[in-house]
Amino acid sequence: MNRTLISYLLSFALLAASPLVLNRFWLEVLNSVGLYAILALSLNVILGNAGLYNMGHAAFYAVGAYCAAILNTQLDIPILWSLPICGLVAAAAGALVCRPIIHLRGDYLLIVTVGVGEILRIALVNDIFGLTGGPNGIFGIDRPFLFGYKIRKPHEFLYLIWGFVAMTVFLFYRLRNSRFGRALDYLREDEVAAEGSGINTGRTKLMAFAIGAAWAGMAGALYASKMTIISPESFTFWESVLIFIIVIIGGSGNITGVLLGAFLIIGLPEFLRAYVGEFANARMWFFGLAMMIMMIFRTQGILPPGPRFFRLPKAGKEVSS
Amino acid sequence: MDLVIKDLKVKYGNVEALHGINLRVEPREIVTILGANGAGKSTTLMAISGLVPACEGEILFNGMALHKMKPHQVVKTGVAQVPEGRRVFGTLTVAENLHLGAFTTRDAAKEIKTRDWIYELFPVLKERREQLAGTLSGGEQQMLAIGRALMADPKLLLLDEPSLGLAPLIIKRIFDTVRQINEAGVTVVLVEQNARAALKLAHRGYVLEVGNIVLEDQASTLLSNEDVQNAYLGGH
């Protein structure tokens with residue numbers, strides 16, 4: 001635990017110092033990694049902890065982004081104030097969508113979530129309720145204000161986004177070690193045995209979905225204010241796949257693994273683009289190959305969750321081992 | 001703390017697995033349900049614990065209508081099931097598996113007391129409490145499954161085929177422990193293919209045949225019943 005904490009603190013300190021040495025391009029890459037890290041961490045609750053295959057996560061991302069954009073452009077609500085609202089709306093969307101399909105398992109659930117993501121994207125393109133601006137999307141979204149200070153430059157966003165990542169890591173770490181986190185573990189391992197031990201499996205799954213969706217929604221709000229313009233193109237099936245891949249490659253269920261996955265999947269192609277020179281055009285090819293090799297030789301991800309250590313109630317007469 | 005089942009019918013899709021069975025378990029009793037494969041023994045247990053819905057009829061435990069409850073609510077009424085094939089969490093340790101069993105109790109002191117009792121019943125679980133459950137032998141996993149169910153502090157314990165795939169010596173040890181658990185005040189419903197061992201342990205028994213109860217009597221009477229002997233005890 002202490003070693004993990006120290007490496008986390010070091011990494012975040014490095015990130016905080018990075019504007020001193022990195023140019024705008026790399027700072028933007030880091031921001032992108034940070035946004036995907038939030039998205040992947042939120043999917044990790046659903047996919048990694050609860051074991052529910054969700055390949056429509058971009059839908060909740062979109063709900064949050066559009067919610068923030070509409071609230072901001074129509075009602076002039078500042079982005080950061082709208083964060084909790086976006087989270088709640090996305091959570092409600094997640095719960096609503098999942099209520100009827102929550103009993104589905106594995107691949108069946110996956111196919112339905114793909115469908116949900118596509119339905120939402122097409123609804124956005126068709127300017128649903130006249131609110132979403134159709135294929136052009138919504139533009140003119142405000143930058144976020146923090147304590148009266150306008151966040152605009154890449155390094156300012158770096159602190160905002162990675163601050164949010166840090167908070168997410170802390171909260172999800174706590175969540176994973178809570179009673180609810182334990183319930184998710186049991187649920188993923190054996191649903192019948194979990195149910196037979198008194199876990200309300202339906203409600204627990206729904207909660208996992210709602211929490212994951214809420215966080216994706218807030219990531220969407222941050223994204224909207226960073227880009228100042230959003231359109232359905234940003235929330236395609238490919239986005240869902242990308243988030244899914246980050247969780248699986250990084251090590252589903254492990255927070256550190258998921259963060260590492262975000263760096264690899266989002267950062268590596270940019271790195272290849274910048275440094276491989278004439279091979280730049282082949283970077284997606286390298287990338288795909290690396291993913292295939294990974295899935296053959298290390299199916300559990302780069303950093304799978306280690307054995308779990310729960311704080312169990314101590315008994316007085318337990319022998320020491 | 002009695003369990004009363006009235007005209008229980010259970011369907012899997014269009015197939016009726018139980019055609020209206022009646023069954024009664026008195027407090028502190030061990031009742032065994034015997035029958036061949038597909039007779040509906042496991043279905044009966046799963047209907048009690050709510051894992052399959054009752055299509056008609058009633059299941060009353062202590063006056064509470066279990067047939068209207070979800071599985072996690074049934075657990076809270078004091079009914080715990082040891083599912084067939086054990087289903088322990090292989091990637092968690094023995095202690096963590098037991099911790100799960102106490103998911104519904106939030107009283108840590110009580111949890112420790114129950115756990116110490118389980119460690120007394122099955123000392124091997126205490127020895128292996130830091131070991132992953134998946135690395136235990138079949139018999140130890142069965143003990144763990146029973147222990148996990150007991151962690152919920154049940155008044156009624158449902159055991160589904162605890163002897164499945166185990167050596168005779170282990171079966172005897174597990175059945176002896178079931179008797180101990182019963183003597184501590186827990187009512188037991190035992191579903192078994194190993195009819196002889198089950199009847200020796202139980203007070204009363206029911207015989208299920210393709211979804212109907214065809215026989216009901218004291219265990220000792222069933223043991224000497226010629227039909228039962230021919231059908232389930234290998235005959236003579």
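Order of the sequence lines sets the chain letters (A, B, ...), proteins ahead of strands, with each chain counted from 1. Fair warning: this is a prediction, and the values are worked out from it, not measured in the lab.
A ring-centre distance under 6.0 Å is not found for A:W215 and A:F60.
Ionic pairing of A:E191 and B:R87 is not present here: no N-O contact between side-chain nitrogen and carboxylate oxygen is shorter than 4.0 angstrom. A salt bridge does not link B:E111 to B:K113: none of the charged side-chain nitrogens sits closer than 4.0 Å to a carboxylate oxygen. The existence of a salt bridge linking B:K41 and B:E192 is excluded, since no basic side-chain nitrogen approaches an acidic carboxylate oxygen closer than 4.0 Å.
Ranked by heavy-atom pairs under 4.5 Å with chain B, the list A:R179, A:E195, A:E189 is led by A:R179. Interface summary for chain A: among B:K76, B:R106, B:E127, the most heavy-atom pairs under 4.5 angstrom belong to B:R106. For the set B:K70, B:H72, B:Q81, the entry with the most heavy-atom pairs within less than 4.5 Å of chain A is B:H72.
For B:L100, the parts sitting under 4.5 Å from any heavy atom of chain A are the backbone and the side chain alike. Of the atoms belonging to B:F103, heavy atoms from both backbone and side chain fall under 4.5 Å from chain A.
When each of B:V79, B:L158, B:D160 is tested with B:V189 by the rule side chain to side chain contact (heavy atoms under 4.5 Å, CB included), just one qualifies, namely B:L158.
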